[in-house]
Novice: 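Quick one: structure below, then a few questions.
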Amino acid sequence: MPTLHRVALLPGDGIGPEVTEAARRVLEGAGLRIEWHELPSGLDAVHKHGDALPSFVIERLKEIRVALKGPTTTPIGGGHVSANVRLRKALDLFANVRPVKTVPGLETPYGPVDLVIVRENTEDLYAGLENVVAPGVVTSIKVITRRASRRIARFAFQHAADWDRKRVTAVHKANIMKVADGLFLDCARTEAKRWDARVAYDEVLVDALCMKLVRRASDFDVLLLENLYGDIVSDLAAGLVGGLGLVPGANYGRHMGVFEAVHGSAPDIAGKGIANPIAMVLSAAMMCHHLGEKDAYTRIRRAVAAVTRKKEALTPDIGGTATTRQLTDAIIAEVKALAAGA
Ligand code: NAI
Ligand code: MG
């Protein structure tokens, strides 16, 4: 009898419920036994509980420790603080990991990509410390601490070693933010010394990195970034492989994993049944790995690759005409075929 896992499910809002449902079906298709605990977040939670991330949700997540999470909408300018930013801080999910890899069968104007973004997830300008100090003058405080920078640097090198990666590149703007990014770099350098023989280390300015990624992303392996740079570079890297519908992610704390796609709630296509479920399905595969279900991890990734290679059931964002359901069904059929052939 396969192990029964307890997992929290946060469908979120926008396309969140559509893609998390797809991921859940694929996990079931892969034969995983999961006891789901559904919890509200985002606009859904605002409507029901008056809060995008009610405290009881945080408490449940602390108990369950593993979650599959859909995106949540955050108002621009005013309105509530991002449920994501709050979640990552409340659970101390300090490491955001986003593997970005060329998708088999999908043509892009760019070369091959196979990199991992490791983003610090708890501080930087996302501390939300903004003040109007005089009419027309605002300060927004960038917080960088040695503790968080060391911790994320250590995580990036450990991740590189665990996944047989060769090099960590620290991304910065320490020519301008000499003290803040200087501290981040200092921590990365200190950590790099401990890994000397096993994992190589270098550094790049964030603006130069953007240009270099577009020209030749294959030059990069593991990228170590502060929160804001990590957010921006993630979407850029997603663009290199065919868009936000394809790139998965995980947020790790000391004893927790919250798995979610890089993309947001995509209000422009929400409710139309055409959201690409692949990013969320691959996030669910990362969750399988975290749960020790290595076979399911491999099988789900192979199934997704088989579907994109065959180009039979692609959603509009990647050049097809299929619905979320059709693409999900195609992945499930491949997952089952792989299981039967195993
Ligand atoms: P977005 O990622 O939601 O969408 C950007 C573009 O990519 C849109 O054209 C959208 O249709 C497309 N797209 C994204 N995911 C797709 C998918 N799975 N399939 C097909 N097309 C897809 O970014 P946007 O529009 O800037 O943000 C919308 C909302 O999402 C905002 O309120 C933002 O704060 C929130 N957000 C939430 C995140 C989270 O909960 N983890 C992460 C990023 C944004
Ligand atoms: Mg983002």
Novice: I want to check something: taking the side chain as every heavy atom from C-beta on, are Pro99 and Met286 in contact at a cut-off of under 4.5 Å?
Specialist: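 Yes, side chains in contact.
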
Novice: Is the shortest side-chain heavy-atom distance between Asn131 and Val138 below 4.5 Å?
Specialist: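 Of all side-chain heavy-atom pairs linking Val138 with Asn131, none is under 4.5 Å.
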
Novice: Working to the nearest 0.5 angstrom, can you tell me the gap between Gln326 CD and Leu314 CG?
Specialist: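 Reported value, rounded in 0.5 Å steps: 11.0 Å.
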
Novice: Test side chain to side chain contact (heavy atoms under 4.5 Å, CB included) on Val281 and Val304 and set out the steps.
Specialist: CA-CA 8 Å; Val281 167; Val304 169; 3.9 Å; yes

Novice: If I compare all heavy atoms of Leu32 with all of Ala296, which pair ends up nearest, and what's the gap?
Specialist: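 Result for this residue pair: CD1-CB, 3.3 Å.
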
Novice: Would one find more than 12 heavy atoms of other residues, nucleotides or ligands at under 6.0 Å from atom NZ of Lys212?
Specialist: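 No, NZ of Lys212 has 12 or fewer neighbouring heavy atoms, counting only those of other groups under 6.0 Å.
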
Novice: Give me the atom names and distance for the closest heavy-atom approach of Asp92 to Arg147.
Specialist: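 Looks like OD2-NH2, 4.2 Å.
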
Novice: Check whether any side-chain heavy atom of Asn84 sits under 4.5 Å from a side-chain heavy atom of Leu53, and report yes or no.
Specialist: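 When only atoms from C-beta onward are counted, Leu53 and Asn84 do not touch, as no gap falls below 4.5 Å.
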
Novice: Under 6.0 Å from the NZ atom of Lys336, do we count more than 12 heavy atoms belonging to anything else shown?
Specialist: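 At most 12 heavy atoms, drawn from other residues, nucleotides or ligands, come within 6.0 Å of this atom.
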
Novice: Under the 3.5 angstrom rule, does the side chain of Thr169 hit a backbone N or O of Leu223 as a donor-acceptor pair?
Specialist: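 No; judged by distance alone, with no hydrogens or angles, the pair does not exist.
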
Novice: For Lys310 and Glu334: C-alpha separation, side-chain torsions, deciding distance, then whether salt bridge (charged side-chain N to carboxylate O under 4.0 Å, His left out) applies.
Specialist: CA-CA 11 Å; Lys310 289 180 188 166; Glu334 292 289 347; 2.4 Å; yes

Novice: How about Tyr252 and Phe259: are their ring centres within less than 6.0 Å of each other?
Specialist: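 So the answer is yes for these two rings.
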
Novice: Quick check on the hydrophobic clustering: are Leu291 and Met280 connected, directly or via other members, by side-chain heavy-atom contacts under 4.5 Å?
Specialist: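 Same cluster.
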
Novice: For the atom pair CG (Leu209) and CD1 (Ile232), what is the distance rounded to the nearest 0.5 Å?
Specialist: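 Separation between the atoms: 11.5 Å.
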
Novice: Taking CZ in Arg6 as the centre, count heavy atoms belonging to other residues, nucleotides or ligands within less than 6.0 Å. Is the count above 12?
Specialist: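 Enclosed.
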
Novice: Do the non-hydrogen side-chain atoms of His80 and Pro75 ever get within less than 4.5 Å of each other?
Specialist: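 SC-SC contact between His80 and Pro75 confirmed.
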
Novice: With side chain to side chain donor-acceptor pair (under 3.5 Å) as the test, would you mind laying out the steps for Thr73 and Asp13 before giving the verdict?
Specialist: CA-CA 7 Å; Thr73 303; Asp13 60 57; 2.5 Å; yes

Novice: Linking I/L/V/M/F/W/Y whenever their side-chain heavy atoms sit closer than 4.5 Å, directly or via other members, would Tyr229 and Leu236 fall into one cluster?
Specialist: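 Tyr229 and Leu236: one cluster.
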
Novice: For the atom pair CG (Leu205) and CG (Asp207), what is the distance rounded to the nearest 0.5 Å?
Specialist: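 Between atom CG of Leu205 and atom CG of Asp207 there are 5.5 Å.
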
Novice: Treat each ILVMFWY residue as a node, draw an edge where side-chain heavy atoms are under 4.5 Å apart, and state whether Tyr110 and Val241 are in one component.
Specialist: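 Both belong to a single hydrophobic cluster.
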
Novice: Quick check: closest heavy atoms across Leu93 and Thr122, and the distance to 0.1 Å?
Specialist: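 Looking at all heavy atoms of both residues, the closest pair is O-CG2, 4.1 Å.
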
Novice: Would Val247 and Ser234 count as a side chain to side chain contact (heavy atoms under 4.5 Å, CB included) here? Give the steps.
Specialist: CA-CA 9 Å; Val247 179; Ser234 293; over 6 Å; no

Novice: Within a strict 4.5 Å, meaning less than it, do heavy atoms of the Thr20 and Glu260 side chains meet?
Specialist: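 A side-chain contact under 4.5 Å is absent here.
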
Novice: For Arg25 and Thr328, which heavy atoms make the closest approach, and how far apart are they?
Specialist: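 So the two residues come closest at NH1-CG2, 3.6 Å.
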
Novice: Counting only N and O atoms by type, is there a donor-acceptor contact under 3.5 Å from the side chain of Thr308 to the main-chain atoms of Pro104?
Specialist: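 Yes, the answer is positive, given that a donor and an acceptor are paired below the 3.5 Å cut-off.
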
Novice: To the nearest 0.5 Å, tell me how far Arg24 CZ sits from Glu38 CD.
Specialist: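 If we round to the nearest 0.5 Å, Arg24:CZ and Glu38:CD are 6.5 Å apart.
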
Novice: Might you confirm whether atom CD of Glu63 has over 12 heavy atoms from other residues, nucleotides or ligands at distances under 6.0 Å?
Specialist: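 Enclosed: over 12 neighbouring heavy atoms sit under 6.0 Å from CD of Glu63.
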
Novice: Answer yes or no: does atom CZ of Arg167 have more than 12 heavy-atom neighbours from other residues, nucleotides or ligands under 6.0 Å?
Specialist: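 Atom CZ in Arg167 is packed in, count exceeds 12.
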
Novice: Working to the nearest 0.5 angstrom, can you tell me the gap between Leu225 CG and Asn96 CG?
Specialist: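 Nearest 0.5 Å value for the CG-CG distance: 10.0 Å.
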
Novice: I need the minimum non-hydrogen distance between Arg119 and Ile152, along with the two atoms involved.
Specialist: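 Nearest pair, atom of Arg119 first, then Ile152: O-CD1, 3.8 Å.
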
Novice: Is there a path of hydrophobic side-chain contacts, each under 4.5 Å between heavy atoms of I, L, V, M, F, W or Y residues, that connects Val66 with Leu39?
Specialist: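 Cluster IDs for Val66 and Leu39 differ.
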
Novice: Salt bridge (Lys or Arg N to Asp or Glu O under 4.0 Å) with Asp186: which of Arg150, Lys178, Arg146?
Specialist: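 Testing each of Arg150, Lys178, Arg146 against Asp186, the sole residue satisfying salt bridge (Lys or Arg N to Asp or Glu O under 4.0 Å) is Arg146.
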
Novice: I'd like to know whether Val143 forms a side chain to side chain contact (heavy atoms under 4.5 Å, CB included) with Asp124, so could you lay out the CA-CA distance, the side-chain angles of the two residues, the decisive distance to 0.1 Å, and finally the verdict.
Specialist: CA-CA 5 Å; Val143 179; Asp124 192 3; over 6 Å; no

Novice: Angle between ring planes, Tyr201 versus Phe157, binned at 30° and 60°: parallel, tilted or perpendicular?
Specialist: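 If you compare the ring of Tyr201 with that of Phe157, the planes turn out tilted.
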
Novice: Decide if the gap between the ring center of Trp36 and the ring center of His5 is smaller than 6.0 angstrom.
Specialist: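 No - the distance between ring centres of Trp36 and His5 does not fall below the 6.0 Å cut-off.
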
Novice: For Val262 and Val100, what are the C-alpha separation, side-chain angles and deciding distance, and is it a side chain to side chain contact (heavy atoms under 4.5 Å, CB included)?
Specialist: CA-CA 10 Å; Val262 172; Val100 188; over 6 Å; no

Novice: So Val113 and Lys101, do their side chains get closer than 4.5 Å, heavy atoms only?
Specialist: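 In short, these two side chains do not touch, never coming nearer than 4.5 Å.
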
Novice: Please report the closest heavy-atom contact between Ser41 and Gly12, naming both atoms and the distance.
Specialist: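 In terms of heavy atoms, the two residues are closest at OG-CA, 3.5 Å.
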
Novice: Where do Asp295 and Arg299 land on the salt bridge (charged side-chain N to carboxylate O under 4.0 Å, His left out) test, with the steps shown first?
Specialist: CA-CA 6 Å; Asp295 285 353; Arg299 239 184 307 136; 5.5 Å; no

Novice: Looking at CG of Leu68 and CG of Leu9, how far apart are the two atoms once the value is rounded to the nearest 0.5 Å?
Specialist: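 Reported to 0.5 Å precision, the distance equals 6.0 Å.
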
Novice: What orientation do Phe94 and Phe155 show, parallel under 30°, tilted 30 to 60°, or perpendicular over 60°?
Specialist: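 Perpendicular.
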
Novice: May I ask you to decide whether Arg33 forms a salt bridge with Glu28, counting only side-chain N to carboxylate O separations under 4.0 Å?
Specialist: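 Result for this pair is no, no salt bridge flagged.
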
Novice: Hey, does Tyr297 have a side-chain heavy atom less than 4.5 Å from the side chain of His290?
Specialist: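 No, side chains not in contact.
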
Novice: Do Asp51 and Val46 have side chains that approach each other closer than 4.5 Å (heavy atoms only, starting at C-beta)?
Specialist: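 Result no, sub-4.5 Å side-chain heavy-atom pair not found.
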
Novice: Decide salt bridge (charged side-chain N to carboxylate O under 4.0 Å, His left out) for Lys142 and Asp181; before the verdict, give the C-alpha distance in whole Å, the side-chain angles of both, and the deciding distance to 0.1 Å.
Specialist: CA-CA 10 Å; Lys142 169 162 170 156; Asp181 286 15; 2.7 Å; yes

Novice: Checking the side chain of Glu123 only, and the main-chain atoms of Asn227 only, is there a donor and an acceptor separated by less than 3.5 Å?
Specialist: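 No; zero donor-acceptor contacts below 3.5 Å.
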
Novice: Hydrophobic clusters here meaning ILVMFWY residues chained together by side-chain heavy-atom distances under 4.5 Å, can you tell me if Leu91 and Tyr126 are in one?
Specialist: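 Looking at the clustering, Tyr126 is in a separate group from Leu91.
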
Novice: ring-ring contact (aromatic ring centres under 6.0 Å, His included) between His49 and Phe56: does it pass, once the steps are laid out?
Specialist: CA-CA 10 Å; His49 306 280; Phe56 78 88; 5.1 Å; yes

Novice: Where do Arg165 and Asp221 land on the salt bridge (charged side-chain N to carboxylate O under 4.0 Å, His left out) test, with the steps shown first?
Specialist: CA-CA 7 Å; Arg165 296 268 169 180; Asp221 194 344; 3.0 Å; yes

